[in-house]
Amino acid sequence: MEEALTVLGDPSAPTVVQRRTHDLGLRVGDDGNFRSFGDYMHAKVSKLLDQCHSGVPTTSAIFAGISIYVDGHTDPPSHELRRLIIENGGEYHHYYLHGRTTYQVAANLAKTKVERLRASEKIIKPEYITDCLKKGRLLPEGDYLLFGGKENAPNNANVAPVQQFFNRSRLHLISTMATELKRFVATMQANEAVHEFPSRAKLGHLVGPVIPTTPIICHIDMDCFFVSVALRSRPELIGKPVAVTHSSANSNAYGEIASCSYEARAHGVYARQFVREAMKTCPDLVCVPYEFDAYVATAKQLYSTLARYTLALKAISCDELYFDLGALCAELSITDPLAIISIIRAEITAVTGCVASAGLGPNWLVARLATKKAKPAGQVYVTAEEAPEFVQSLPISDLPSVGWSNCETIQEQLGANVTTCRQLVERSLPELRSTLGFALGEKVYRAIRGQCDPMEFVQSVDQKSVSVNVNFGVRLKDKPALEELISSISTELKGRLEQIDRAGMLLSVKLLIRQPDAPIEPAKYGAHGPVYPLRKSCKLPRPTTDADVIRINAMRLIGGFQPAVVISDIRGIALHMTKLFTLAGQPIASSGGPKDGTTSLWQFIQTKTNKDGQIADFTWKPITKKKPIDSSNKSPSKAVQTNIADADSEDFSLRLSEVVNPISHRPTAPKRVLGNLPSLPPALTPPSNQFSSICIPDRRNKALNVAGVLIPLQSPILDADISAVLFHLREYVLSLQLRPLKHLISDWERHTHRSSDPAASTAAIARACRFVDWLCLKLHGSVVFGDDDPDSGGEVDFFEKVCATPKKTTQKTVPESPDLFCDDAVAEVAVSIESPKKARKRRNPPPQLFQPQKKPKRPIPKKSSAKRRVIDVINLSSDDDVIILD
DNA sequence: ATCCTCCCCTAC
DNA sequence: TAAGGTAGGGGAGGAT
Ligand SMILES: Nc1ccn([C@H]2C[C@H](O)[C@@H](COP(=O)(O)OP(=O)(O)OP(=O)(O)O)O2)c(=O)n1
Ligand SMILES: [Mg+2]
Ligand SMILES: [Mg+2]
C-alpha cells in the first residue's frame, strides 16, 4: 500500500487519490442527504456567501446561500416559489447558472433532459421548498432530489492534488469561511442605508418606556457546530457521543476530530484528538462525516439571522460572532437583554436546525467567557459587577491568549500550582509583564479583572497578508515534483490575491522538514510527523499576483537554504504574501505598508529573456530629461517618471533620494511583470547571501563595512575614503543587489550627514551617483542616474583613475586592488564578501518546536519538562509521529 | 525610544 | 488510511 500514499506533486497521484476520493464521498454511514464534500461548491465559498440580498425584505434566512431556477410548470408556480425563496433569504435565478444556481426546481424529470445534465447539477422537487418552510429550516435533500447530489465524483479526475487537499481540509474551510463572513458583514454594513431589520418586529412586546444605557456585548456561538449540522439529518444520534471526522469509528484511526457532541466531551473527547485516542475513553463514539456545503449555508443563515436584528456585528468565525446588544436595547428601548437573546436564539434554531449558546457581558471578553459557561444550549449574562469574581473563578487557560505555551510559562515562572485566574490577581502588572511580555502581561492583568480593550463593531476588511499552506501529504521525489507543487501553490496564491484585489511585495516561504531522527512515514497516513521549519523571504521587484513570479522566487528562496534542502524530506510548504497593494498599485496602509517604499532599479532596467523565459541579459534604460508630466496622470509607472523628471530642477542629492527612497511610493502595476530577478552570468553570480546588505555602517568604528571590507570614514570625507568605498560599491552594481544599493546610498548618506562637513557629504553622495553612472556606462552603455552635469567628463576621468588604482588606505582590511575590469578580479572580490547576517541563533541541528498541539484539559498529565521543551501530547501514545522540542 | 524583521503563538 | 489552514497579535532582538 506504500505506493498509494498521497503524494502531492507526484504525477501518478491523481488517479490514486481520485479513487479514494470516490470511496470517501460515499462512505458507509453517509446517507447522501448532504454531500460530504462540496468538491466544487466549497471551493466557492465566496460565491455562496456572495448571494447577499441586503436590503430585500425577508421573513427568515432559511434559504440563505441557496439559489433556485424553476424549470417548467410547478406547484406552487414559479412566481410563488420566487417569492418564497427570496423572502426566506435565498436567491431566485431566471436562468440556470452553472456553478452558481444551487437547484433547478422541477415537478418531474424529463428523460431527454437527463443526458444533457452535468453531474454537478441538482434538480429538486418544488415540495422541497414548501416543506422546508413548513419545518422552518433547511431539510436534507433526500428524496426530494430528482437528479444529482450523489454522484459528484467524476470531476475529481481533473482536480489537482493541492485542490483535492483543500477540498477536504476542514481547517482550510473554516479559515476561508471566517474570511468570507467578515466580508459578508462588511458588505452589509456598507449597505446600511438600504438594510432592514425585519425581525425587530418580534421584539415589540419587550419595548418599554425606559431607555437603558448599560453597555452590553453579546457573543453567540453554535454548540458543537459541525456535529449539530450532522444531527439535523440524524435525529437518532441525538444524546449519543458523536464526532465529526474523516475517519470511521475505528480504534486504529488517525483521523482528527473536528467537533464532538457534549456527550462525547463528557468522556474526555475533544477537537483535534485522533479518533483512535477518543475511542479509548469513549468506545461508543459515533463518527459522522463532514458536510462542508451545509456548514457554509448554515453559517450564512446564522449571520443573516443576526443581521435581521442589527448590523453592529463583528464576525469571528463560521459559528461565532459578537454584536452590540447594549446599542440594540437602547435603540429599541428594551431593558431585558436576555429576553431578546431568547428570541434571537430561537430564531437561529428555527432557521438552521442547530442550537446556539449566548454570553452577555459588559465587554466582549466577559461575554465570551459567559458563552462558555452557558454551553450547551444556554445563555448567561454576567454583569459588570459580577465580572471580576466571575473571571477569577475560571482556569487561566480559559483566557484568550493563554494557550498551551503561555499557560506553561505562567506555571513555570509564577508557580506550578497556578491554575485559576484568582491566583494571578495578586500578581502585579510589572510581574505579569515580565512573565508574558509587555502587552500580553497587561492583557492578562486586565482580563482577570474582567477588563479588555473595547470592540469596534465596524467590520474591518483590510487583510494584511495572504498565505497558502500545504502541510499534509507532501512527499516529493525530485526537483520537478517540487517545482510542480510550488507552481500549484503559486497559482492558488495568485487566485486568492486577485480575489481580494491585492498584489504583494514580500514573499515568504516556509518549509517543514522532517526531523533527522523521525521516521520517513509517521504512523498517521500523510501526516508531516516531527518536523522543523525553515523560512526565507524576499522582496519582489514590485507588487505582483503573477504565479510565475511567485513560483520562480519561491524556488530561488528554497534553493538559497544552507545547507541545501533535501527535497524528499520536505513535509510541508507554505507561501505567504505580505506588504499588500491594491491591483491598481495603491499601498495598503495596514499591511505594514511601505512607509518608505523603495523604487526598484527595475524601473531602469530593460531585460531580455531567453527562450525559457529567463532573463538572459539586461540594459540600463537611460533616464532622459523630460518636462514635468501632468500630475493628474494616473499611470503609476509614469508617476515614477514624473517624480524623477520633476526632480530635475532640484538639487542632486534630493534627486538621488527620489531614486533610492522616493517620498511618495507609487509602485507600478503592470499587467505582466518580469519573470525573474535579473541574474548575472554564472561566473558573476554572487554567493548565496543574495538578500543581505553588502554595506553596513559600523558606528562604533566610525566606518562603513562595504562588501565585507571595513572602511573607516574620516571627517571630513577624504578622497581616499571615497575611492575605497566606490571601489567596493562596484560589487554592488555587479551583483545587482538593488535593495542593498539603496541601503548603501542611504547608509552612506546618513553617515556622512553626521559628519562635521555636510558639504563634503553631499559631494560624496553625488560622486557615488556619478560612479554608478560611470560604471553602468562602461558595462552597459547607459546610465542610471542621468548625466546633467557638464562636468561629468572630468568625473569619468576621475573614476578611471582612482578606481583603477585604488589607494591603499591605511586599512589592512582593504585587499590588493585588482584591475577593475578583470573578470578574475571580480570573482576574487566577490568571494571575499562575507555573510553579514549574524547567524541568527540558528538552532543548528534544528530539532525544533513545531506547533505544539493544544493540551487537552482532562486527559494526559502534563509532562514536567525543561523550559521550552514541548511534547506533542496528541501523538504521545502513537508509535512514531511524536515529538518535537527545541 | 522607535521601528523593523523574523519568528512564535493563538483561535476557530 | 487522511486531508495538520490561516490571519493577526505580539515578543525578541537588531537597526535606525
Ligand atoms: N480545532 C478545531 C476547532 C474547530 N473546528 C471547527 C469545528 C467546530 O464545530 C467549528 C466551531 O468551533 P468551536 O470552537 O465553536 O467548537 P464547536 O462549535 O464544535 O463546540 P462548542 O460548543 O464548544 O462551540 O470549527 C475544527 O475543525 N477544528
Ligand atoms: Mg461553537
Ligand atoms: Mg466557535
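Within every chain, numbering begins at 1; the chains are lettered A, B, ... in the order of the sequence lines, protein sequences first and strands thereafter.
Taking 4.0 angstrom as the limit, A:Ser537 places a side-chain polar atom (N or O) nearer than this to OP1 or OP2 of B:dC6. Proximity of A:Ser247 to the phosphate of C:dA2: a side-chain N or O atom is located under 4.0 Å from OP1 or OP2. One finds a side-chain N or O of A:Ser467 lying less than 4.0 angstrom from the OP1 or OP2 phosphate oxygen of C:dA7. Remark: A:Ser405 is in phosphate contact with B:dC9, judged by side-chain N or O atoms under 4.0 Å from OP1 or OP2. Listed pair A:Arg368 / B:dC12 meets the phosphate criterion, a side-chain N or O lying under 4.0 Å from OP1 or OP2. For C:dG4, the OP1/OP2 oxygens have a side-chain nitrogen or oxygen of A:Ser169 closer than 4.0 Å. The side chain of A:Asn167 contributes no N or O atom lying less than 4.0 Å from OP1 or OP2 of C:dA3. Phosphate contact (OP1/OP2 of C:dT6, side-chain N/O of A:His172, threshold under 4.0 Å): present. Contact between the side-chain N/O atoms of A:Arg170 and the OP1/OP2 oxygens of C:dG4 is found at a separation under 4.0 Å. OP1 or OP2 of B:dT10 lies within a sub-4.0 Å distance of a side-chain N or O belonging to A:Asn406. Close to B:dC8, at under 4.0 Å from its OP1 or OP2, lies a side-chain N or O of A:Arg535. Contact annotation: A:Lys510 does not reach the phosphate of B:dC7 (side-chain N/O to OP1 or OP2, under 4.0 Å). Considering only side-chain N and O atoms, A:Lys464 lies under 4.0 angstrom from the phosphate OP1 or OP2 of C:dG9. At least one side-chain nitrogen or oxygen of A:Lys579 sits closer than 4.0 Å to the OP1 or OP2 atom of B:dT5.
The aromatic rings of A:Phe226 and A:Tyr290 sit perpendicular, their planes meeting at an angle over 60°, well past the 30° parallel limit.
Judged by centroid separation below 5.5 Å and plane tilt below 30°, A:His528 stacks onto the base of C:dG4.
Considering only side-chain atoms of A:Phe472, the nucleotide from C:dA2, C:dG10, C:dG11 that sits closest is C:dA2. With distances taken from any side-chain atom of A:Glu256 to the nucleotides C:dG5, C:dA7, C:dA3, the minimum falls on C:dA3. The listed nucleotides are C:dT6, C:dA3, C:dA7; the one nearest the side chain of A:Arg496 is C:dT6.
One can place CD of A:Gln459 at 15 Å from P of C:dA7, the figure rounded to the nearest angstrom. As a whole-Å value, the separation of A:Gln164 CD from C:dG4 P is 14 Å. As a whole-Å value, the separation of A:Glu456 CD from C:dG8 P is 16 Å. Rounded to whole Å, atom P of C:dG4 lies 9 Å from atom CD1 of A:Ile174. Rounded to an integer number of Å, the gap from CG of A:Leu440 to P of B:dA11 is 11 Å.
Within 4.0 Å (heavy atoms only), A:Ser317 reaches sugar-phosphate atoms of the nucleic acid but no base atom. Residue A:Ala439 is classed as a sugar-phosphate contact, given heavy-atom separations below 4.0 Å to backbone atoms only. Residue contacts for A:Leu575: at a heavy-atom cut-off of 4.0 Å it reaches no nucleic acid atom on any strand shown. Residue contacts for A:Leu436: at a heavy-atom cut-off of 4.0 Å it reaches the sugar-phosphate backbone alone, with no base atom in range.
Each of A:Ala253 and A:Gly437 was assigned the nucleotide of DNA chain C with the nearest heavy atom; the assignment lying further toward the 5' end belongs to A:Ala253. Mapping A:Thr179 and A:Asn252 onto DNA chain C via the closest heavy atom, the residue that lands nearer the 5' end is A:Asn252.
A salt bridge is defined here as a Lys NZ or Arg NE, NH1 or NH2 lying under 4.0 Å from an Asp or Glu carboxylate O, and A:Lys300 with A:Glu180 fails to meet this definition.
Put simply, the residue from A:Lys314, A:Lys372, A:Arg368, A:Glu320 that forms a side-chain hydrogen bond (donor to acceptor under 3.5 Å, both in side chains) with A:His219 is A:Glu320.
C:dG4 sits 16 Å from B:dC9 when the C1' atoms are compared, rounded to a whole Å.
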